[in-house]
Amino acid sequence: MTEILEQTDGCIFDYGGTLDTGGHHWGRVIWHAYERQRVPVGEPLFREAYVHAERELGRNPIIQPDYTFRQTLSAKLRIEMEYIAAHNEGFAPALWHDAVLADLYAAVRAETARSRRVLDAIKAERPLALVSNFYGNIATVLAEFGLEGIFDSIVESAVVGVRKPDPRIFTLGVEALGMEAGRVAVVGDSYDKDIVPARLAGCRTVWMRGESWTGTDPADTSAADAVIGSLDELL
């Protein structure tokens with residue numbers, strides 16, 4: 001185990017962008033799928049569409065508790081592509097939706113399988129919790145990817161009514177583990193939404209640094225106790 005894990009008794013993981021994309025921001029992951037499938041849209045318009053879809057899913061109860069990740073991702077892509085079509089004459093979402101969905105879903109299945117192997121090894125030595133900004137269907141998604149039963153506690157924003165970057169959501173995770181915050185390590189991909197608030201909650205922090213939405217690192221990264229490029233580095 002890494003030094004940070006050896007100094008702690010429990011571990012909190014983020015889900016989206018950490019366990020399912022290898023530390024890469026979901027916006028970048030989707031954009032690269034658009035590139036691979038040669039979707040005829042420029043990156044600036046895609047970025048607008050991505051932000052629009054995130055806001056729509058946050059404002060409206062589109063995602064239901066029984067939605068699989070495939071259904072969730074399909075809904076997100078549909079909203080994105082409808083936005084692109086409204087701002088790009090001649091763009092036909094039906095021509096691209098299924099190809100991008102299949103591309104992304106295969107990649108997530110492979111990444112979550114890799115994450116499972118690391119999580120199993122860590123769980124053998126300490127309790128684990130999941131703290132995630134999600135839509136109320138995280139239990140369905142975990143089961144879909146064979147990650148059910150790994151986490152001793154799950155704190156999901158849509159359920160508890162607190163969202164990252166509010167440090168209180170990490171405090172809830174710490175309380176669920178029944179430990180002191182300083183004895184808990186938080187692993188997440190977002191410096192601003194995972195690492196900074198986890199540090200404010202009193203936890204130790206491991207930043208899983210991948211491709212970010214902005215393409216640049218924060219000017220100050222001192223809230224991270226450790227930086228890794230993949231989950232394998234935790235072992």
Side-chain angles (χ1 to χ4, degrees), residues 1-2 4-5 7-26 54 57-58 63 65 67 69 72 108 111-112 115-116 118-123 125-210 212-213 223-228 230-231 234:
M1 297 289 175
T2 60
I4 297 299
L5 293 193
Q7 296 170 354
T8 54
D9 301 318
C11 199
I12 291 175
F13 283 88
D14 166 55
Y15 180 75
T18 299
L19 300 181
D20 58 359
T21 70
H24 305 301
H25 188 282
W26 256 106
E54 287 295 299
L57 292 175
I63 307 303
Y67 270 34
F69 181 76
T72 302
V108 170
E111 190 61 45
T112 51
S115 295
R116 173 75 196 234
V118 176
L119 293 171
D120 280 340
I122 297 175
K123 182 176 175 58
E125 298 191 2
R126 67 201 61 230
L128 305 181
L130 187 73
V131 172
S132 177
N133 281 355
F134 223 74
Y135 308 106
N137 63 325
I138 192 68
T140 301
V141 171
L142 293 176
E144 179 181 5
F145 293 125
L147 298 174
E148 76 278 20
I150 287 183
F151 299 102
D152 299 275
S153 302
I154 296 174
V155 180
E156 184 178 7
S157 62
V159 175
V160 301
V162 182
R163 289 181 59 83
K164 304 173 188 177
D166 190 328
R168 290 179 299 167
I169 196 168
F170 288 103
T171 298
L172 291 174
V174 169
E175 291 173 348
L177 288 174
M179 299 177 180
E180 295 181 1
R183 301 300 301 174
V184 175
V186 172
V187 182
D189 71 295
S190 173
Y191 186 81
D192 293 330
K193 292 183 178 180
D194 294 318
I195 304 308
V196 171
R199 169 58 70 84
L200 290 173
C203 301
R204 304 297 299 277
T205 57
V206 180
W207 180 25
M208 190 173 175
R209 180 179 177 272
S212 69
W213 179 240
D225 291 307
V227 181
I228 60 175
S230 72
L231 284 185
L234 292 174

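The residues of the chain are indexed from 1 along the displayed sequence.
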Subject >> Working for side-chain contact (heavy atoms from CB on, under 4.5 Å), residues F13 and L234 >> reply: CA-CA 12 Å; F13 283 88; L234 292 174; 3.9 Å; yes
**OP:** With rounding to the nearest 0.5 Å, note down the distance linking CZ in R116 to CG in L231.
**Re:** 13.5 Å
Subject >> Residue pair L130 / I150, side-chain heavy-atom distance below 4.5 Å >> reply: no
Subject >> Qualifying residue for side chain to side chain contact (heavy atoms under 4.5 Å, CB included) with V206, from D194, V186, I4, I12 >> reply: I4
**OP:** Would you give the length of the straight line joining atom OG1 of T140 to atom CD of E148, rounded to the nearest 0.5 angstrom?
**Re:** 11.0 Å
Subject >> For S153, all residues meeting side chain to side chain donor-acceptor pair (under 3.5 Å), sequence neighbours excluded >> reply: none
**OP:** Tell me, please, which residues at least two apart from Q7 pass side chain to side chain donor-acceptor pair (under 3.5 Å).
**Re:** E3, R204
Subject >> Nearest heavy atoms of G188 and I195, plus distance in Å >> reply: O-CD1, 4.0 Å
Original post:
For F134, which residues count as a ring-ring contact (aromatic ring centres under 6.0 Å, His included) partner, sequence neighbours excluded?
Top reply: Y15
**OP:** Quick one: closest heavy-atom pair of E156 and I138, and the distance?
**Re:** OE1-CG2, 2.8 Å
Original post:
With E111, which residues qualify under side chain to side chain donor-acceptor pair (under 3.5 Å), at least two apart?
Top reply: R114
Original post:
Below 4.5 Å, heavy atoms only, C-beta onward: do Y67 and Y135 meet side chain to side chain?
Top reply: no
Original post:
Measuring from R209:CZ to S190:OG, what's the distance to the nearest 0.5 Å?
Top reply: 13.5 Å
**OP:** Count the heavy atoms belonging to other residues, nucleotides or ligands that lie under 6.0 Å from CZ of R168, then report whether that count exceeds 12.
**Re:** no
**OP:** Check A201 against P167 and note the closest heavy-atom contact, atom names and distance.
**Re:** CB-O, 3.8 Å
Subject >> Partner set under side chain to side chain donor-acceptor pair (under 3.5 Å) for D14, not counting sequence neighbours >> reply: T18, K164
Original post:
Looking only at heavy atoms, what is the nearest atom pair of M208 and G23, with distance?
Top reply: CE-N, 3.6 Å
Original post:
At what distance, to the nearest 0.5 angstrom, does OG1 of T205 lie from CG of L200?
Top reply: 10.5 Å
Subject >> Separation between OG of S157 and CG of L172, rounded to the nearest 0.5 Å >> reply: 11.5 Å
Subject >> Where A158 and G136 come nearest, the two heavy atoms and their spacing >> reply: CB-N, 3.5 Å
**OP:** Evaluate the criterion side-chain contact (heavy atoms from CB on, under 4.5 Å) for residue pair D9 and R126; output intermediate values, then yes/no.
**Re:** CA-CA 6 Å; D9 301 318; R126 67 201 61 230; 5.7 Å; no
**OP:** Can you see which heavy atom on P165 is nearest to which on P197, and at what distance?
**Re:** O-CB, 3.1 Å
Original post:
Does R183 CZ have over 12 foreign heavy atoms under 6.0 Å away?
Top reply: yes
Original post:
Looking at CG of N137 and OG1 of T72, how far apart are the two atoms once the value is rounded to the nearest 0.5 Å?
Top reply: 4.0 Å
Subject >> Side-chain touch L5/C11, heavy atoms, less than 4.5 angstrom >> reply: yes
Original post:
What residue pairs, at least two apart or across chains, pass ring pair (Phe, Tyr, Trp, His ring centres under 6.0 Å) with a residue in residues 150-192?
Top reply: Y191-W207
Subject >> Test applied, side chain to side chain contact (heavy atoms under 4.5 Å, CB included); reference residue, V108; option that passes from L19, D20, V141 >> reply: D20
